[in-house]
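Below is one structure, written out as structure tokens, with a few remarks after it.
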Amino acid sequence: MRIALEPGPGSVPVGSRHPDGADRPDGTDRPGRWAGAARWQRLAEDGTPLAAAQPVPDLAAAVRAIEDDARRGGEAVRWVWRSARTYRRLLRAGADVARCHDVELVEGLLVGAEGRSGEPHGIAAAAARLAGRPPAPDPALEEDDDGAPPALFAAQPADPDSDPLATLVAVHAGQQRRLDAFGPGLRLLAAAESAGALVAEEMTAHGLPWRADVHDRLLTELLGPRPLPGGRPARLAALADEIGVAFGRPVNPDSPAELLRAFARAGHELETTRAWVLRTIDHPAVGPLLAYKELARLHSAHGWSWLRTWVRDGRFRPEYVVGGVVSGRWATRGGGALQIPRAVRAAVRADPGWRLVVADAAQLEPRILAALAGDAGLAHAGNTGDGDLYAALAADLFGGDRARAKLALLSAMYGQTSGGAGVLLARLRRRFPAAVGYVEDAARAGEEGRLVRSHLGRTCPPARPGHEQPAAARARGRFTRNFVVQATAAEWALVLLAELRHALRSTGSLAQLVFFQHDEVLLHCPAEVAGATAAAVQEAADTAGRRLFGASPVRFPMQVRVVGGYDEKQ
DNA sequence: ACAGACTGCGCC
DNA sequence: AAAGGGCGCAGTCTGT
């Protein structure tokens with residue numbers, strides 16, 4: 001059964017915060033009541049209403065009751081809501097759910113699949129689309145967390161369709177019909193994307209354990225003592241001085257233009273000041289400049305000001321944007337969560353008595369390609385030896401040179417041909433014609449202006465006009481070539497997350513999903529369940545492989561570490 | 001003063 | 001002949 005849920009304007013969680021206003025140390029809020037005009041309506045699987053809409057006086061308690069009943073063997077429920085903002089509010093009120101249908105995320109998938117990429121996919125636009133009205137640009141659907149109503153409903157009080165619950169129910173039913181027009185893949189993707197939204201909200205609520213004291217110590221070791229706000233750390237100032245001395249006059253190392261002029265005066269005409277270019281020239285400023293660049297980046301991107309902004313009560317809580325990237329990868333808003341540099345990963349530490357389970361999919365993208373293309377040879381290469389696909393490939397085809405094997409494979413998936421990649425690619429093509437042919441077909445589709453789709457049906461947005469020039473067409477080909485692999489890898493990871501979450505919930509595990517980055521998951525769990533948690537991750541990976549590719553021989557091994565700190569090898 | 005483009009680099 | 005996919009972020013530069 002499904003239940004469409006609309007918290008409605010003005011409903012706010014009451015008493016859900018700790019008395020002092022802070023989150024509880026375990027990252028959860030105290031269960032609270034949810035006052036306001038919440039309503040819900042029971043639906044059949046196809047979205048048809050089974051009963052009249054009902055007001056729900058205490059939403060969080062009501063949701064908890066239904067979920068508890070399902071856990072005890074009652075009917076399973078899939079909650080239908082407008083967006084994960086509803087779930088964020090439920091979580092704060094102390095209610096979590098097993099399954100949902102996220103209307104705005106599904107609308108995004110459908111809009112793309114129907115060849116209308118770029119059209120808005122908020123509920124207002126979805127309702128307009130359903131009614132055959134021109135898709136009005138989405139009003140700012142941003143709604144603050146404490147429940148200010150979105151402008152959408154406030155703006156149309158007289159419209160009978162402005163009943164938010166009725167709109168939700170109608171759009172959801174329409175989505176069920178539209179999903180029928182596509183294969184089962186898109187349905188699976190819709191469910192996985194929705195589950196991903198649950199995971200994302202829960203990960204933000206749990207937070208990634210982050211030791212501010214360790215981070216501060218690392219920064220101090222590398223940069224010198226913490227400077228006054230806005231100030232430049234001692235180590236950076238010293239390096240800037242060294243650079244000035246090397247050039248014979250002060251140069252701002254943060255200004256590429258100044259650096260180019262300074263190098264030109266010294267007889268080095270450079271195109272850019274990228275680090276790999278600087279490494280090729282012989283000048284006394286290069287050493288300190290490279291050191292400066294590395295440390296300046298650490299300071300500005302993940303330094304003390306980042307720490308103060310993003311870490312509270314021992315947790316880093318990035319906001320994940322599910323499906324925020326065209327390929328379906330997640331993005332994050334603020335905090336640079338997907339670019340945590342290795343240099344500060346030691347600050348990610350499990351609580352006392354707890355462990356981190358760090359799991360990443362080994363060589364995910366080539367394995368995805370093998371499965372997508374049905375390339376038995378490449379699948380076999382991934383299953384030989386100790387599971388190192390690149391090493392197997394190297395032994396088989398590249399005289400044991402793992403680096404060249406990796407370059408060849410990545411070139412096939414990214415469209416690179418420089419650096420000798422073209423020759424390696426030719427060798428790869430002869431050995432794995434299905435896999436290489438698959439990405440080359442995708443590249444050709446892009447060059448010819450056609451659309452490509454992921455395995456489950458996420459559709460790449462069409463090229464913008466002006467891509468008729470050869471250079472642009474080739475760029476488009478590289479994009480579509482990569483899209484089919486990256487987007488399918490992203491949906492595999494999404495299904496893994498959904499399966500893992502399901503497994504943890506159904507066993508009552510205390511393990512928490514706390515971080516996700518493309519092909520890597522971090523869990524935080526009591527030490528005594530770390531082994532079981534690690535096993536659950538591999539099981540979820542296997543299940544994800546079967547869900548996407550059925551009986552494919554391709555395996556998806558996870559490299560799992562059970563550690564105290566994110567930087568530890570094991 | 002502000003916005004947006006550009007540069008360069010972190011992660012996958 | 002040459003041709004490297006996807007992001008977010010901070011700082012500089014440019015245009016208004």
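The sequence lines fix the lettering, A, B, ..., with proteins before strands; numbering per chain opens at 1.
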Mind listing the N/O atom pairs, protein and nucleotides 12-16 of chain C, below 3.5 Å?
residue : atom : partner  : partner atom : Å
C:dC13  : OP1  : A:Ser255 : OG           : 2.4

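Electrostatic pairing of A:Glu365 and A:Arg329 counts as a salt bridge here, judged by a charged N lying under 4.0 Å from a carboxylate O. By the 4.0 Å N-to-carboxylate-O rule, A:Arg546 lies too far from A:Glu499 to be salt-bridged with it.
Considering only residues two or more places apart in sequence or on other chains, A:Glu448 meets the salt bridge (Lys or Arg N to Asp or Glu O under 4.0 Å) condition with A:Arg450.
Between the side chains of A:Ser454 and A:Glu491, at least one donor N or O lies within less than 3.5 Å of an accepting N or O. Side-chain atoms of A:Arg453 and A:Thr459 form a donor-acceptor pair, as typed in the model, at a separation below 3.5 Å.
Taking atom C1' in both B:dC9 and C:dG4, one finds a spacing of 16 Å when rounded to whole Å.
When heavy atoms are screened at a 4.0 angstrom cut-off, A:Ile340 is found touching the sugar-phosphate backbone but no base atom. At a threshold of 4.0 angstrom between heavy atoms, the contacts of A:Arg342 are confined to the sugar-phosphate backbone, with no base atom among them. Here A:Val326 lies in heavy-atom contact (under 4.0 Å) with sugar-phosphate atoms only. Contact annotation for A:Gly324: no contact, since no heavy-atom pair falls under 4.0 Å across all strands. Base contact: A:Gln486 has a heavy atom under 4.0 Å from a base atom.
One interatomic measurement links the two molecules: CZ of A:Arg481 to P of C:dA3, which rounds to 15 Å at whole-angstrom precision. When the P atom of C:dG4 is taken as reference, atom CZ of A:Arg476 falls 18 Å away, rounded to whole Å. Following rounding to the nearest Å, A:Trp310 (CH2) and C:dG8 (P) show an atom-to-atom distance of 13 Å. Between the CZ atom of A:Arg333 and the C1' atom of C:dC7 there is a distance of 14 Å, given to the nearest Å. Separating the CZ atom of A:Arg458 from the P atom of C:dG6 is a distance of 15 Å, rounded to the nearest angstrom. Atom C1' of nucleotide B:dC12 and atom NZ of A:Lys406 are separated by 11 Å, given to the nearest angstrom. Rounded to an integer number of Å, the gap from A:Leu236 CG to C:dA10 P is 16 Å. What separates CH2 of A:Trp306 from C1' of B:dG10 is a distance of 13 Å, to the nearest Å.
Near-neighbour residues of DNA chain B inside residues 268-291 of chain A, defined by a heavy atom below 4.0 Å, number-ordered: A:Thr272, A:Thr273, A:Arg274, A:Ala275. Against DNA chain B, the stretch residues 293-304 of chain A makes heavy-atom approaches under 4.0 Å through A:Lys293, A:Arg297.
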If you look only at distance, which donor and acceptor atoms sit under 3.5 Å apart when one is on a side chain in residues 210-233 of chain A and the other is two or more places apart or in another chain?
residue  : atom : partner  : partner atom : Å
A:Trp210 : NE1  : A:His215 : ND1          : 3.1
A:Arg211 : NE   : A:Asp213 : OD1          : 2.8
A:Arg211 : NE   : A:Asp213 : OD2          : 3.4
A:Arg211 : NH2  : A:Asp213 : OD2          : 2.9
A:His215 : NE2  : A:His302 : O            : 2.8
A:Asp216 : OD1  : A:Trp304 : NE1          : 2.7
A:Thr220 : OG1  : A:Asp216 : O            : 2.8
A:Arg232 : NH2  : A:Tyr292 : OH           : 2.9

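Taking the six-membered ring where tryptophan is involved, the planes of A:Phe549 and A:His455 are tilted, since the angle between them lies from 30° to 60°.
Once the 5.5 Å centre distance and the 30° plane angle are applied, the aromatic ring of A:Tyr414 is found not to be stacked with the base of C:dG4.
Atom CZ in A:Arg402 sits 4.0 Å away from atom CG in A:Asp388 (nearest 0.5 Å). In this structure, A:Asp360 CG and A:His518 NE2 are separated by 12.5 Å, a value rounded to the nearest 0.5 Å. The structure places CZ of A:Phe432 at 6.0 Å from CG of A:Leu397, a figure rounded to the nearest 0.5 Å.
Residue pairs meeting the side-chain hydrogen bond (donor to acceptor under 3.5 Å, both in side chains) criterion with at least one member in residues 260-276 of chain A, sequence neighbours excluded, do not occur.
In the set C:dG8, C:dA3, C:dG6, C:dG6 carries the atom at the smallest distance from any side-chain atom of A:His518. The nucleotide whose nearest atom lies closest to any side-chain atom of A:Arg478 is, among C:dG5, C:dG6, C:dC9, C:dG5.
Of the options A:Val358, A:Leu523, A:Ile340, a side chain to side chain contact (heavy atoms under 4.5 Å, CB included) to A:Phe515 is made by A:Ile340 and by none of the others.
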